[in-house]
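Okay, structure first, notes after.
In what follows, chains are A, B, ... by sequence order, proteins preceding strands, each numbered from 1.
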There are 2 protein chains.
Amino acid sequence: MSSQTDQIVAKLKSRGLRVTPQRFAVYANLLGRCDHPTADDILSDLNQAAPTSSQATVYSSLQALREVNLVREVLLEEGVCRYDANVGPHHHFRCQSCGAIADIPWETLASLNLQTLSPRWQIEGYEVTVRGVCDRCQTQ
Amino acid sequence: MSSQTDQIVAKLKSRGLRVTPQRFAVYANLLGRCDHPTADDILSDLNQAAPTSSQATVYSSLQALREVNLVREVLLEEGVCRYDANVGPHHHFRCQSCGAIADIPWETLASLNLQTLSPRWQIEGYEVTVRGVCDRCQTQ
DNA sequence: CTTTGTGCAAACGATTTGCAGGATG
DNA sequence: CATCCTGCAAATCGTTTGCACAAAG
């Protein structure tokens with residue numbers, strides 16, 4: 001049985017990406033967190049203990065990962081591009097107060113009927129963004 | 001009965017905004033189009049015939065309009081902030097091919113039941129983003 | 001006449017790019 | 001060993017800011 005590390009390596013290779021320490025680190029970091037970090041968040045995290053990656057490399061790793069569909073971006077805030085290793089369909093909750101973003105599993109919300117939309121559009125999918133205040137911000 | 005112009009002037013005044021030619025032009029332009037333009041799109045449009053506004057003024061007008069809730073931003077594309085004078089609840093359709101964004105009236109989609117979400121969140125609202133290919137791009 | 005808005009240019013922050021050296025398959 | 005990646009620094013893009021002048025109420 002393969003370790004988590006091997007699985008990540010295999011995933012990168014299967015998509016035709018060379019496995020480098022930096023690229024591995026970026027993807028592993030993103031897989032290990034659920035807070036939808038920005039490129040800079042990831043960079044800081046990786047370099048926390050010791051400098052291992054440069055800014056440009058994090059950006060290029062993210063772009064490479066995005067091109068092979070291992071990572072996607074989440075845009076729910078002005079001027080901020082966040083990243084997500086969860087590429088399957090799911091919804092988002094965004095706290096208006098602190099800006100935190102949480103995933104909402106697809107099954108949590110009932111499926112929408114899109115038949116009512118213009119028949120001239122070829123529909124590929126949809127996603128719901130819920131606005132509100134998270135538990136942490138309510139008590140403060 | 002008041003003209004369209006008077007209505008816009010009244011709206012700006014009622015929100016406590018001074019009515020200047022530039023601010024008026026930005027809001028009128030946004031009201032008159034449904035393509036969710038960027039700040040720069042608006043600027044080019046306003047200055048098409050003759051220069052009337054500067055870049056900084058368009059940005060500051062948009063911010064002023066946003067603060068009094070006459071205008072909102074739409075974030076569906078990386079690195080691009082678009083604006084919308086339709087501030088009521090509605091959904092969006094985004095063409096994956098050309099990036100065009102169309103409004104979907106709220107009533108078009110059935111209301112979602114959000115009871116299934118975490119009771120620890122205070123829900124304020126939601127919005128659906130539909131992905132697909134617009135009619136124009138399908139025939140190309 | 002006081003307050004607020006405008007325009008210019010410089011500043012800014014996030015992201016991208018060019019390029020020389022280094023690592024990967 | 002050919003190809004692709006990394007890191008640095010400079011470039012770029014959208015947006016913001018400082019400030020002197022002008023316009024609105």
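- Atoms CD (E77(B)) and P (dT15(C)) sit 15 Å apart, rounded to a whole Å.
- When the ring pair (Phe, Tyr, Trp, His ring centres under 6.0 Å) test is applied to Y27(B), no partner is found at least two apart in sequence or on another chain.
- For D103(A), the salt bridge (Lys or Arg N to Asp or Glu O under 4.0 Å) test picks out no residue, with sequence neighbours left out.
- Between the OH atom of Y27(B) and the P atom of dG5(C) there is a distance of 17 Å, given to the nearest Å.
- Atoms CD (E67(A)) and P (dC5(D)) sit 10 Å apart, rounded to a whole Å.
- The side-chain contact (heavy atoms from CB on, under 4.5 Å) test applied to C34(A) returns no partner, not counting sequence neighbours.
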Determine, for nucleotides 19-25 of chain D in 5'-to-3' order, which nucleotides have protein heavy atoms under 4.0 Å from the base (write B), from only the sugar-phosphate (write S), or from neither (write -).
----BBS

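- Between W121(B) and F93(A), the ring-plane angle classifies as parallel under the 30° and 60° cut-offs.
- Sequence neighbours left out, the pairs with a member in residues 57-68 of chain B that pass salt bridge (charged side-chain N to carboxylate O under 4.0 Å, His left out) are E78(A)-R66(B), R66(B)-E73(B).
- Between F24(B) atom CZ and dT4(C) atom P there is a gap of 22 Å when expressed in whole angstrom units.
- Rounded to a whole Å, the CG atom of L12(B) is 14 Å from the C1' atom of dT4(C).
- Every residue two or more places apart in sequence or in another chain that forms a side-chain contact (heavy atoms from CB on, under 4.5 Å) with S111(A) is listed here: W106(A), Y126(A).
- Partners of D35(A) by salt bridge (Lys or Arg N to Asp or Glu O under 4.0 Å), not counting sequence neighbours, listed by chain and number: R33(A).
- Residues meeting the side-chain contact (heavy atoms from CB on, under 4.5 Å) test with A64(A), sequence neighbours left out: L17(A), R23(A).
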Could you go through residues 56-63 of chain B and list every donor-acceptor pair under 3.5 Å that involves a side-chain atom there, pairing it with any protein atom two or more places apart or in another chain?
residue : atom : partner : partner atom : Å
T57(B)  : OG1  : S54(B)  : OG           : 3.0
S61(B)  : OG   : T57(B)  : O            : 2.8

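- DNA chain D is contacted by both S60(A) and S60(B); S60(A) maps to the nucleotide lying nearer its 5′ end (nearest heavy atom per residue).
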Does the side-chain contact (heavy atoms from CB on, under 4.5 Å) test come out yes or no for R94(B) and E77(B), once each step is laid out?
CA-CA 9 Å; R94(B) 173 168 141 75; E77(B) 228 174 317; 3.6 Å; yes

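- In this structure, Q22(A) places its CD atom 11 Å from P of dC8(D), rounding to the nearest Å.
- A rotation axis mapping the C1' atoms of four pairs onto the next four is fitted at both ends of the helix from dC1(C)-dG25(D) to dG25(C)-dC1(D) over five pairs, and the angle between these axes is 40° to 10 degrees.
- Atom CZ in R23(B) sits about 14 Å away from atom C1' in dG7(C), given to the nearest Å.
- Applying the side-chain contact (heavy atoms from CB on, under 4.5 Å) criterion to P21(A), with sequence neighbours excluded, gives no partner residue.
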Quick test: give all pairs of protein nitrogen or oxygen and nucleotides 9-16 of chain D nitrogen or oxygen below 3.5 Å, distance rounded to 0.1 Å.
residue : atom : partner : partner atom : Å
dT15(D) : OP2  : Y59(B)  : OH           : 2.3
dT15(D) : O5'  : Y59(B)  : OH           : 3.2

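- Rounded to whole angstrom, the span from the CG atom of L43(A) across to the C1' atom of dT6(D) amounts to 13 Å.
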